[in-house]
There are 2 protein chains.
Amino acid sequence: METAKITERGRLTRQRIIEATGEQILASGIGGTTLDTVRAATLTSKSQLFHYFPGGKAELVREVADWEGRQLLEAQEPEIHDLGSWESWERWRAMLVDYYIGRGRWACPIGSLATQASMTDPDLASSIAEGMRAWRGLLADGVRRMQRTGTVDGSADSERIATVILAAIQGGLVLSQPERSAWPLEAALDSALAPLHGVATTA
Amino acid sequence: METAKITERGRLTRQRIIEATGEQILASGIGGTTLDTVRAATLTSKSQLFHYFPGGKAELVREVADWEGRQLLEAQEPEIHDLGSWESWERWRAMLVDYYIGRGRWACPIGSLATQASMTDPDLASSIAEGMRAWRGLLADGVRRMQRTGTVDGSADSERIATVILAAIQGGLVLSQPERSAWPLEAALDSALAPLHGVATTA
DNA sequence: TCTTCATTGGACTTCATAGTCCATTCCTAA
DNA sequence: TTAGGAATGGACTATGAAGTCCAATGAAGA
């Protein structure tokens, strides 16, 4: 058994801790999130935090990053595995904007953690980099599907287009966050998506 | 007199503190930068830090943000005030990539601070937002110059194009940082600049 | 029922860091 | 030369947050 004995009740508590920590990190950053505020929000005790996360805060943050990463990918279902038509890309785009802005996140759980912690926690940094690569891979798959249908020039570099789209998301959020407006994100995203519907970038 | 009495010697010390703090923040983040490490790096004493920055760490960080913002704009001189030809844009792009990657920064002093502190320090957040707007304005000026020469479609929204370029920079850096590779930044930037030399986005 | 172990509560310890205070040194101008 | 204020040194305090420890509780199977 890899994970020590854990009952259903324990699993729920553990999950509750992860989700509450995720919310606090998104709202206040890693530095603004303390074990005491997590404890208060989850109605747990110090010993529980260390019982479920023996590695302390660092391990907890890493688990949060993993979980948020999975959530982010799940939120993009089912479109993320389609992306074979412009309509699918449009639905995916709408979902994404809603995920970030509509739900009041205003930041990417992954991208934001990347800039916050990549310099202090190498483990977390590589985990995040891996998540980014996975995400980029799914987008690149979509781009290749568009190339197969002929909508997109077959000679274009699909990985590169996927990277540009990801960068647009992350950069758009960096600008949207302080402005509290969705439009930088939408502008950046639409600009990056332009090559996917056979229309030149018109800005 | 707005600023209290300060001699040339004092001004230099103060500046030394700002620059060292800026380097540490860029390398280790705000949380990873302590007054003690700054003190050690600058060969100063605790009392000096509070003598020059009565508001403590928060004020120091804000001064750093201001100074880094000015540095960032200065680094783009003189091109940032030209940008009237594609060649000028190319020179500007090269300068920028060198500023971030060539000098081992791997992060934007402004964008990185935005995600690190905008949620905890509203003053800093608005100061950063203002810096972003100023920067965007300069880029938009350049875009309009390109429109006047006819290289760029005059009906395009110059502010929007400028925003997309800024987002490409910020997002490119988010991706470049964990990968320790310049190419995400270059890909995003080149894609955003494509509309400026009359070539459709080819990725 | 009883045993065992996961789960929980919460006080306590340790430590890093922001911030305070006062004495001392350095510079400059009268 | 000297007086005054800026600049500096560094010990000290206060605080908050991470992490430890042990006792108490709850649940599930023998």
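Hydrogens, waters and symmetry mates are skipped; everything else that's a heavy atom, side chains included, is used. Lettering of chains follows the sequences in order, A, B, ..., and the numbering in each one begins at 1.
- Under 3.5 Å, the side chains of B:S158 and B:R144 contain a donor-acceptor pair of N or O atoms.
- Per the geometry, CZ belonging to B:F50 stands 16 Å off P belonging to D:dG9, to the nearest Å.
- Taking CD from B:E19 and CD from B:Q15, the interatomic distance works out to 4.5 Å, rounded to the nearest 0.5 Å.
- Whole-Å rounding puts the A:L60 CG to D:dG19 P distance at 10 Å.
- Atoms CD (B:E59) and C1' (C:dA18) sit 14 Å apart, rounded to a whole Å.
- Per the geometry, CZ belonging to A:F53 stands 14 Å off P belonging to D:dA18, to the nearest Å.
- The interatomic distance linking A:I30 (CD1) with D:dA18 (P) rounds to 12 Å, in whole Å.
- Between A:D36 atom CG and C:dC12 atom P there is a gap of 15 Å when expressed in whole angstrom units.
- A donor and an acceptor atom sit less than 3.5 Å apart, one in the side chain of B:K46 and one in the base of C:dG19.
- Atom pair B:R14:CZ and D:dA6:P shows a separation of 15 Å (rounding to whole Å applied).
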Practice problem: Apply the test side-chain hydrogen bond (donor to acceptor under 3.5 Å, both in side chains) to residues A:Q116 and A:S112: give CA-CA distance (whole Å), side-chain angles for both, the deciding distance (0.1 Å), then the verdict. | Solution: CA-CA 6 Å; A:Q116 279 184 63; A:S112 163; 2.9 Å; yes
Protein and nucleotides 5-8 of chain C: nitrogen or oxygen contacts under 3.5 angstrom:
from: C:dT7; atom 1: OP1; to: A:T7; atom 2: N; distance (Å): 2.8
from: C:dT7; atom 1: OP1; to: A:T7; atom 2: OG1; distance (Å): 3.1
from: C:dT7; atom 1: OP2; to: A:H51; atom 2: NE2; distance (Å): 3.1
from: C:dT7; atom 1: O5'; to: A:Y52; atom 2: OH; distance (Å): 3.3
from: C:dT8; atom 1: OP1; to: A:T13; atom 2: OG1; distance (Å): 3.1
from: C:dT8; atom 1: OP2; to: A:Q48; atom 2: NE2; distance (Å): 3.0
from: C:dT8; atom 1: OP2; to: A:Y52; atom 2: OH; distance (Å): 2.8
from: C:dT8; atom 1: O5'; to: A:Q48; atom 2: NE2; distance (Å): 2.7

Practice problem: Determine, stepwise, if the pair A:W89 / A:W92 fulfils ring pair (Phe, Tyr, Trp, His ring centres under 6.0 Å). | Solution: CA-CA 5 Å; A:W89 280 94; A:W92 169 80; 5.5 Å; yes
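- Atom-to-atom, NZ of A:K57 to C1' of C:dC15 comes out at 15 Å; the value is rounded to the nearest Å.
- Between A:E186 and A:R93 there is a salt bridge, since a side-chain N of the basic residue sits under 4.0 Å from a carboxylate O of the acidic one.
- Residues passing the ring pair (Phe, Tyr, Trp, His ring centres under 6.0 Å) test with A:W135, sequence neighbours excluded: none.
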